There are 2 protein chains.
Amino acid sequence: MPVVTETRVDFWQAHGINPDNCPVRQVLDHVSAKWPVLILMVLGGGPRRFNELLRALPDISKRMLTQSLRNLERDGIVRREVFDTKPPSVSYSLTELGQGFLPRVLALADWAETSMPRILAARDAYDRG
Amino acid sequence: MPVVTETRVDFWQAHGINPDNCPVRQVLDHVSAKWPVLILMVLGGGPRRFNELLRALPDISKRMLTQSLRNLERDGIVRREVFDTKPPSVSYSLTELGQGFLPRVLALADWAETSMPRILAARDAYDRG
DNA sequence: CGGAATCCCCGGCGATACTG
DNA sequence: CAGTATCGCCGGGGATTCCG
């Protein structure tokens, strides 16, 4: 199993890599941010238009949806296509990169769902102790 | 591939599940928070004492290390053992649950590392466009 | 050694209003 | 339809200090 060895940490330091500028962490941030994972799950079902996404994620605001989509688009995970119709319409879909990303995120989410009983039990024990 | 279907979203709404209280998201937060992943990677190499972790993560503060460890301990991912020696010593290690969690996180991190050239290229194109 | 307590700042995020 | 602009709060997280 890959681990953080002294030499690995030394390598990071030598290259000025820290948690704030680490590119890997920047990608992991898509996982931790509030909406991106849910957006990707919806897009896993096929391309969606802006307002379709808005309706699919009940509590998201237009502002946050736009911002989240922009971040994902910038990293090449989501593709944005504008159709010059009237009224204008925009389609969002997973790129190839996004199609590789999503299953790994879902693997983590599935693990969390499966492990939830043990996690909740641990929390309960911790809170009572 | 699992997706977010209308019925799945309806199920969430019916059970009052939203991004703020979703237990799965609470677990995913360990991935996105600043330090937990790095801590888990270090602990993947075996049990470590508090100050060993402090030295292994060059820029972390005692405050954040303590807080991150507590969160992971609460979810049953990390085990904390106190030895009544002088001076006092505390050992942190992965639980069985944590040993199941770590490889899935690393799978994501490895994907990010492997995909980094394409991601950086996408960012570059986005920022220039 | 392994923390806990306090102070403070910055930025994520929501609400609201406006636009091509 | 698909956004942008502006305001304001509140909480995550760093720096510092103190403790058993």
Side-chain angles (χ1 to χ4, degrees), chain A residues 18-22 25-39 42-43 47-75 78-93 126-127 129, chain B residues 18-22 25-40 42-43 47-75 78-93 126 129:
Chain A
N18 61 61
D20 282 327
N21 68 12
C22 172
R25 247 195 62 78
Q26 288 166 12
V27 174
L28 291 184
D29 277 343
H30 292 307
V31 178
S32 68
K34 187 165 182 178
W35 297 105
V37 171
L38 289 175
I39 293 173
V42 175
L43 292 183
R48 299 291 145 106
R49 298 178 51 181
F50 186 83
N51 274 359
E52 288 183 311
L53 287 169
L54 213 51
R55 281 189 296 272
L57 290 324
D59 290 330
I60 198 172
S61 66
K62 287 200 280 186
R63 183 187 195 285
M64 287 316 297
L65 179 56
T66 301
Q67 191 175 103
S68 304
L69 285 170
R70 291 293 179 276
N71 289 338
L72 293 167
E73 186 194 357
R74 187 170 112 95
D75 279 2
V78 159
R79 172 175 33 247
R80 177 176 183 267
E81 288 174 293
V82 182
F83 299 103
D84 208 355
T85 59
K86 48 181 178 175
S89 99
V90 178
S91 169
Y92 291 93
S93 55
Y126 183 93
D127 292 344
Chain B
N18 61 58
D20 281 328
N21 68 11
C22 171
R25 245 194 64 77
Q26 288 166 13
V27 174
L28 289 184
D29 276 345
H30 291 309
V31 179
S32 71
K34 188 165 181 177
W35 298 104
V37 172
L38 289 175
I39 292 173
L40 292 178
V42 175
L43 291 183
R48 299 289 145 106
R49 297 180 50 182
F50 186 84
N51 275 358
E52 287 182 312
L53 287 169
L54 213 51
R55 280 189 297 271
L57 290 325
D59 291 331
I60 199 173
S61 66
K62 287 203 283 187
R63 184 188 195 284
M64 288 316 297
L65 178 57
T66 301
Q67 192 174 103
S68 305
L69 286 169
R70 290 292 178 278
N71 288 339
L72 293 167
E73 185 194 358
R74 188 171 112 94
D75 279 2
V78 159
R79 171 174 35 244
R80 176 175 184 270
E81 290 173 291
V82 182
F83 299 103
D84 210 355
T85 58
K86 46 178 174 171
S89 99
V90 179
S91 169
Y92 293 92
S93 54
Y126 183 94

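All figures in this text were calculated on a predicted structure; none of them were measured in a lab. To find a chain, count down the sequence lines: A is the first, B the second, and so on, and within it residues start at 1.
D:dT6 atom C1' lies 14 Å from atom CD of A:Gln67, rounded to whole Å. One interatomic measurement links the two molecules: CG of B:Leu65 to P of D:dG13, which rounds to 14 Å at whole-angstrom precision. Separating the CG atom of A:Asp29 from the P atom of D:dG12 is a distance of 16 Å, rounded to the nearest angstrom. Residue B:Met64 contributes atom CE, which lies 16 Å from atom P of D:dT16 at whole-angstrom precision. For A:Asn71 and C:dG11, the CG to P distance is 15 Å, given to the nearest whole Å. The interatomic distance linking B:Lys34 (NZ) with C:dC10 (P) rounds to 15 Å, in whole Å.
Checked against salt bridge (charged side-chain N to carboxylate O under 4.0 Å, His left out), B:Arg74 has the following partners two or more places apart in sequence or in another chain: A:Asp127. Take B:Arg63 and apply the side-chain contact (heavy atoms from CB on, under 4.5 Å) test, not counting sequence neighbours, and it matches B:Ser61, B:Gln67. Every residue two or more places apart in sequence or in another chain that forms a side-chain contact (heavy atoms from CB on, under 4.5 Å) with A:Arg49 is listed here: A:Glu52, A:Ser89. Partners of A:Pro88 by side-chain contact (heavy atoms from CB on, under 4.5 Å), not counting sequence neighbours: none found.
Put simply, B:Trp35 has no side-chain N or O that comes within less than 4.0 Å of OP1 or OP2 on D:dG12.
Using a 4.5 Å cut-off on side-chain heavy atoms (C-beta onward), A:Val78 and A:Arg80 make no contact. In this structure the side chain of A:Trp35 never reaches within 4.5 angstrom of the side chain of A:Leu69, judged on heavy atoms.
Remark: the backbone N or O of B:Ser91 is not paired with any side-chain donor or acceptor of B:Arg79 at under 3.5 angstrom. A:Arg25 contributes a side-chain N or O that, together with a main-chain N or O of B:Lys34, makes up a donor-acceptor pair within less than 3.5 Å.
Two end axes, each from the C1' atoms of five base pairs, can be drawn for the helix from C:dC1-D:dG20 to C:dG20-D:dC1; they diverge by 50°, to 10 degrees.
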Give every pair of a protein N or O atom and an N or O atom of nucleotides 2-5 of chain D that lie under 3.5 Å apart, one pair per line with the distance.
unit_1, atom_1, unit_2, atom_2, d
D:dA2, OP1, A:Arg49, NE, 3.0
D:dA2, OP1, A:Arg49, NH2, 3.1
D:dA2, OP1, A:Val90, N, 3.1
D:dA2, OP2, A:Asn51, N, 3.1
D:dG3, OP1, A:Arg70, NH2, 3.1
D:dG3, OP1, A:Arg80, NE, 3.3
D:dG3, OP1, A:Arg80, NH2, 2.5
D:dG3, OP2, A:Tyr92, OH, 2.6
D:dG3, N7, A:Lys62, NZ, 3.1
D:dG3, O6, A:Lys62, NZ, 2.7

